[in-house]
Amino acid sequence: MLKGVYLTLMMGRIVPEPVPLQVVEALKNVQVSISSSQRSGFQLTLNVGQRSLINRELLPSGYFDTLNRVIIIATVKGNPNVLMDGVIARIELAPSNEPGQSTLTVTGEDVTRIMDLVDISGVPYPAMSAEARVALILAKYTATYGIIPKVIPSIFVNVNLPTAKIEGHQGTDLQYINQLAANVGYVFYVEPGPKPGANVAYWGPEIKSGLPQPALTIDSDASTNVESLSFNFDGFAKTKYVALIQEPTTKISIPIPVPDINLINPTLGKNLPTSFQVKPIRDFAKYTPTQAAATLLAKTARSANVVGASGSLNVLRYGRVLKARQLVGVRGAGQLYDGLYYVNRVTHNIQQGEYKQNFTLSRNALIASNQRVTV
């Protein structure tokens, strides 16, 4: 591998172990995609000869079967980073007439794929808050997949009395957890690590605060640490939403005002754009006021991200692995676009002699609130 970078690949049915040396030597490319809004995934590309260990033994024995677990760790300058803990979804074998050109492509998704297999609609949850239901569902994955629940209580607490209504499970575990998150304006995702085999399952608001990662620097001579970086501003993206819910007794429609979006989406700049668009949200008739307010809060916060950026970097030049779902500073782009951003998506591309990342960023305002960023 690249000097300063050490890649560890582990595979197995439930408890992954380091792969055989022949698999490491056959590894041609590793790609891992992590997003704040979608399930994370990975793809491994291996060179396979007709008489190789992979073709002769590993494929026939089910080593690359669906749902087998895969852990990918990148150690950069002595710091290990668990990039992926997931399961295999499919494999593709592409034989070639040219010696050494046959390839095996292994594609997979993070461990939330396990939560999306069995529909258990109807399981009752009497007198349990959404947070309690999420924690109970996640607990059954702790022993096998190292899931550690991190459940943040919602400010919109809504617990029904058993005599009035008993909540029931709807769909698969993943579908139901995502539904409960959407009801209160939350997100749900699983973050691998910090140790191999462990995973933190986060159910809570999308956090856009905290200690930022070292700044991405452009157009600054020797200090430049990104290969490319471009920006965009969409003045029509910010939207004001209006919802009408139905009062259950009188059946009167009640308008729900939008709360302050800074509750879950802190301002990352001085120049906040104006909302030119106003959209009604339909199908809210059966929502409670707290559910309607939470949904509006999340929708408004997402539409407020009018500033976007995308680029690529060399990990060794940057000095560490850029992580999604966290803040990062930008400098060298000028007064309008310098400052803090939220990292929406990161794609890791690792191959012999190269470790690069593509990334996308966003924020809700122009001109940084603070011109100082972490270097």
Do [X] and [Y] have side-chain heavy atoms sitting under 4.5 Å apart?
X    : Y    : answer
R69  : Y145 : yes
Y125 : L136 : yes
Y355 : L7   : no
I88  : L67  : no
M115 : Q175 : no
V70  : L9   : yes
T142 : I148 : no
F64  : L104 : yes

Salt-bridge criterion met for K140 and D173 (N-O under 4.0 Å):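 Yes, this pair counts.
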
S228 and S312: CA distance, side-chain angles, deciding distance, side chain to side chain donor-acceptor pair (under 3.5 Å) verdict: CA-CA 5 Å; S228 66; S312 63; 3.1 Å; yes

Check against side-chain contact (heavy atoms from CB on, under 4.5 Å), Y202 and V187: CA-CA 8 Å; Y202 177 78; V187 295; 4.1 Å; yes

Would you confirm whether [X], through its side chain, and [Y], through its main-chain N or O, come within 3.5 Å as a donor-acceptor pair?
X    : Y    : value
H169 : G171 : yes
Q213 : K323 : yes
N358 : S310 : no
D119 : T172 : no
N314 : L316 : yes
S129 : A132 : yes
D338 : G332 : yes

If you measure from [atom1] on [X] to [atom2] on [Y], what distance do you get to the nearest 0.5 Å?
X    : Y    : atom1 : atom2 : answer
R320 : N81  : CZ    : CG    : 8.0 Å
F42  : D85  : CZ    : CG    : 9.5 Å
S40  : L83  : OG    : CG    : 10.5 Å
S362 : D234 : OG    : CG    : 12.5 Å
E17  : I71  : CD    : CD1   : 11.0 Å
N79  : Y6   : CG    : OH    : 15.5 Å

Indicate, with yes or no, if [Y] and [X] share a hydrophobic cluster defined by side-chain heavy-atom contacts under 4.5 Å among Ile, Leu, Val, Met, Phe, Trp and Tyr.
X    : Y    : answer
L366 : L229 : yes
I73  : L46  : no
I350 : L313 : yes
V200 : V134 : no
M10  : V15  : no

Can you find a side-chain donor-acceptor pair between [X] and [Y] that sits under 3.5 Å?
X    : Y    : result
R331 : T217 : yes
Y342 : R325 : no
E98  : S96  : no
Q43  : T107 : yes
R13  : N68  : yes

Side chain to side chain contact (heavy atoms under 4.5 Å, CB included) partner of V48, chosen from T103, L93, L53, L58: L93

Among L216, N344, V328, I34, the one residue meeting side chain to side chain contact (heavy atoms under 4.5 Å, CB included) with F359: L216

Partner residues of D219 under the salt bridge (Lys or Arg N to Asp or Glu O under 4.0 Å) criterion, sequence neighbours left out: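 Salt bridge (Lys or Arg N to Asp or Glu O under 4.0 Å) check on D219 returns nothing, list empty.
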
By salt bridge (Lys or Arg N to Asp or Glu O under 4.0 Å) - contacts of R90 (at least two apart): E92

Exercise answer: donor-acceptor pairs, residues 19-33 side-chain atoms, under 3.5 Å, sequence neighbours excluded:
from : atom 1 : to   : atom 2 : distance (Å)
N29  : ND2    : Q351 : OE1    : 3.4
Q31  : NE2    : N349 : OD1    : 2.8
S33  : OG     : T347 : OG1    : 3.4

Trace of the side-chain contact (heavy atoms from CB on, under 4.5 Å) decision for I91 with L59: CA-CA 10 Å; I91 60 173; L59 278 171; 3.8 Å; yes

Exercise: identify the closest heavy-atom pair between [X] and [Y]:
X    : Y    : answer
V321 : Y318 : C-CE2, 4.4 Å
A201 : F188 : CB-CE1, 4.0 Å
A368 : R363 : N-NH2, 3.9 Å
G49  : S52  : O-OG, 2.8 Å
R56  : R51  : NE-O, 2.6 Å
I147 : L138 : CG2-O, 4.0 Å

Verdict with supporting geometry, I152 and Y186, side-chain contact (heavy atoms from CB on, under 4.5 Å): CA-CA 9 Å; I152 309 300; Y186 275 10; 4.1 Å; yes

Test side-chain contact (heavy atoms from CB on, under 4.5 Å) applied to Y141 and V111, step by step: CA-CA 10 Å; Y141 299 100; V111 293; over 6 Å; no

For R39, all residues meeting side chain to side chain donor-acceptor pair (under 3.5 Å), sequence neighbours excluded: E109, T112, D116

Residue list, side chain to side chain donor-acceptor pair (under 3.5 Å) with K356, at least two apart or on another chain: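 Per chain and number, K356 pairs via side chain to side chain donor-acceptor pair (under 3.5 Å) with E227.
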
Under the ring pair (Phe, Tyr, Trp, His ring centres under 6.0 Å) test, residues paired with F231 that sit two or more places apart: Y337

